[in-house]
Every structure is written in C-alpha cells, then in structure tokens.
Amino acid sequence: MSTTSTQTATLKSASAQDSHWATLCVVTTTVGHSAEAEDMARALVAAKAAACVQTERITSYYEWDGVLQTAPEWRLVCKTLPEALPRLTELLRSHHSYEVPQITMRTERCLNDYAKWLKQQVQLEA
C-alpha cells in the first residue's frame, strides 16, 4: 500500500471515530473574587455536579442601581450533563455571593470519548 493510500485509510478511520457526537451542557457564572471562584469550582467538582470547571479573570462592564460599573470578575465555565442541570443550578445559587447571579447555559457537542468521561464524573443525584 502506498503512503497516500495509508494516509487516506487513516483519515477515513479517524473521521469515522470523530463522527460520534454527544451533547453536553456548558454552564457559566461570574463571581467577584478569585478565592470564591476557586472555592466554588472545587465544590462543584467535589459534589460531582460538574466534571470540569475552568476559571478565568475577566473585566465586566454593567449598570447597577443606575450607575455604570466596571469590575474585575472571575468566570466559571462548568461542563456537565443535561440531566444534572437542576442539581448544578441549585449548588451555584446556594454558594453564590451575588444578589442576582449571572447563570447561563448552552449546549455543545463533544466527541463520545469525552462524553464517556463526563458521564463517569457527574452524578445526577447527591
């Protein structure tokens, strides 16, 4: 078999494996302090409400009580299963320091091997 034929066969095999997609949920919130972000991320993973939580520093611009605000915040990006959303949302609300926390959710597609790992990490009930 030629090198080109071998490469084509390898690409077709990889392409077949990559065509198996699953749905996951990505839940995002923001907090005001790095310690709160770290504590919340650890709590969510330890509770198995999220398989992974990423944190990143951001700057937010918003109006509160009629005044334009600028504040450093930390964004938490939580990867979980659609069936675990109620539990994750409850934990986020109970641990959150904001009066009106920003909690958003979007669905994304991931390859089955990541979805398999996600399912091993997330528990649907406490």
Side-chain angles (χ1 to χ4, degrees):
M1 190 184 293
S2 73
T3 303
T4 304
S5 297
T6 303
Q7 289 172 338
T8 301
T10 301
L11 286 174
K12 284 182 183 179
S13 175
S15 180
Q17 291 173 7
D18 291 349
S19 66
H20 302 286
W21 293 89
T23 299
L24 76 144
C25 291
V26 179
V27 177
T28 305
T29 192
T30 56
V31 296
H33 303 281
S34 62
E36 184 179 2
E38 184 176 330
D39 290 347
M40 191 178 293
R42 289 180 185 279
L44 295 171
V45 173
K48 296 204 171 281
C52 171
V53 179
Q54 299 165 321
T55 62
E56 57 192 344
R57 187 179 173 158
I58 60 171
T59 302
S60 293
Y61 301 84
Y62 58 95
E63 189 174 300
W64 188 257
D65 290 334
V67 179
L68 181 61
Q69 306 286 326
T70 303
E73 287 189 302
W74 282 259
R75 179 184 298 138
L76 286 83
V77 180
C78 312
K79 304 337 182 317
T80 195
L81 299 171
E83 301 85 4
L85 281 173
R87 195 161 85 79
L88 177 62
T89 303
E90 182 181 323
L91 286 169
L92 282 171
R93 284 193 173 280
S94 69
H95 285 90
H96 219 291
S97 63
Y98 285 0
E99 182 180 335
V100 182
Q102 170 250 301
I103 300 173
T104 61
M105 187 278 299
R106 67 181 186 272
T107 57
E108 291 186 5
R109 304 292 282 164
C110 65
L111 292 177
N112 277 336
D113 55 349
Y114 186 80
K116 181 179 175 183
W117 174 78
L118 196 74
K119 289 175 186 175
Q120 292 170 345
Q121 302 306 309
V122 175
Q123 292 178 352
L124 302 183
E125 297 179 20

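Source: prediction; values computed, not measured.
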Return the minimal non-hydrogen interatomic distance between [X] and [Y], and the atom names on each side.
| X | Y | value |
| --- | --- | --- |
| Cys25 | Leu85 | SG-CD1, 3.7 Å |
| Ala84 | Thr80 | CB-OG1, 3.4 Å |
| Gly32 | Glu36 | N-OE1, 3.8 Å |
| His20 | Asn112 | CB-ND2, 2.7 Å |

Could you tell me which residues satisfy ring pair (Phe, Tyr, Trp, His ring centres under 6.0 Å) with Tyr114, sequence neighbours excluded, listed by chain and number?
Trp117

Just how far is it from atom [atom1] of [X] to atom [atom2] of [Y], taken to the nearest 0.5 Å?
| X | Y | atom1 | atom2 | answer |
| --- | --- | --- | --- | --- |
| Asp39 | Ser97 | CG | OG | 11.0 Å |
| Gln120 | Lys116 | CD | NZ | 6.0 Å |
| Leu124 | Leu81 | CG | CG | 6.5 Å |

Hey, does Gln102 have a side-chain heavy atom less than 4.5 Å from the side chain of Thr28?
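Yes - at least one pair of side-chain heavy atoms lies under 4.5 Å apart.
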
Heavy atoms, side chains only, cut-off 4.5 Å: are His96 and Thr29 in contact?
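When only atoms from C-beta onward are counted, Thr29 and His96 do touch, with a gap below 4.5 Å.
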
Transitive ILVMFWY side-chain link [X] to [Y], under 4.5 Å:
| X | Y | result |
| --- | --- | --- |
| Val77 | Leu92 | no |
| Met105 | Leu88 | yes |
| Met40 | Val27 | yes |
| Leu118 | Leu91 | no |
| Leu76 | Val122 | no |

Under the salt bridge (charged side-chain N to carboxylate O under 4.0 Å, His left out) definition, can you give me all pairs with a residue in residues 86-104, not counting sequence neighbours?
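Checked against salt bridge (charged side-chain N to carboxylate O under 4.0 Å, His left out) - neighbours excluded - no pair reaches residues 86-104.
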
Report all side-chain donor-acceptor pairs from residues 43-66 shorter than 3.5 Å, counting only partners two or more places apart or in another chain.
{"unit_1": "Gln54", "atom_1": "OE1", "unit_2": "Lys79", "atom_2": "NZ", "d": "2.9"}
{"unit_1": "Glu56", "atom_1": "OE2", "unit_2": "Arg75", "atom_2": "NH1", "d": "2.8"}
{"unit_1": "Ser60", "atom_1": "OG", "unit_2": "Glu73", "atom_2": "OE1", "d": "2.3"}

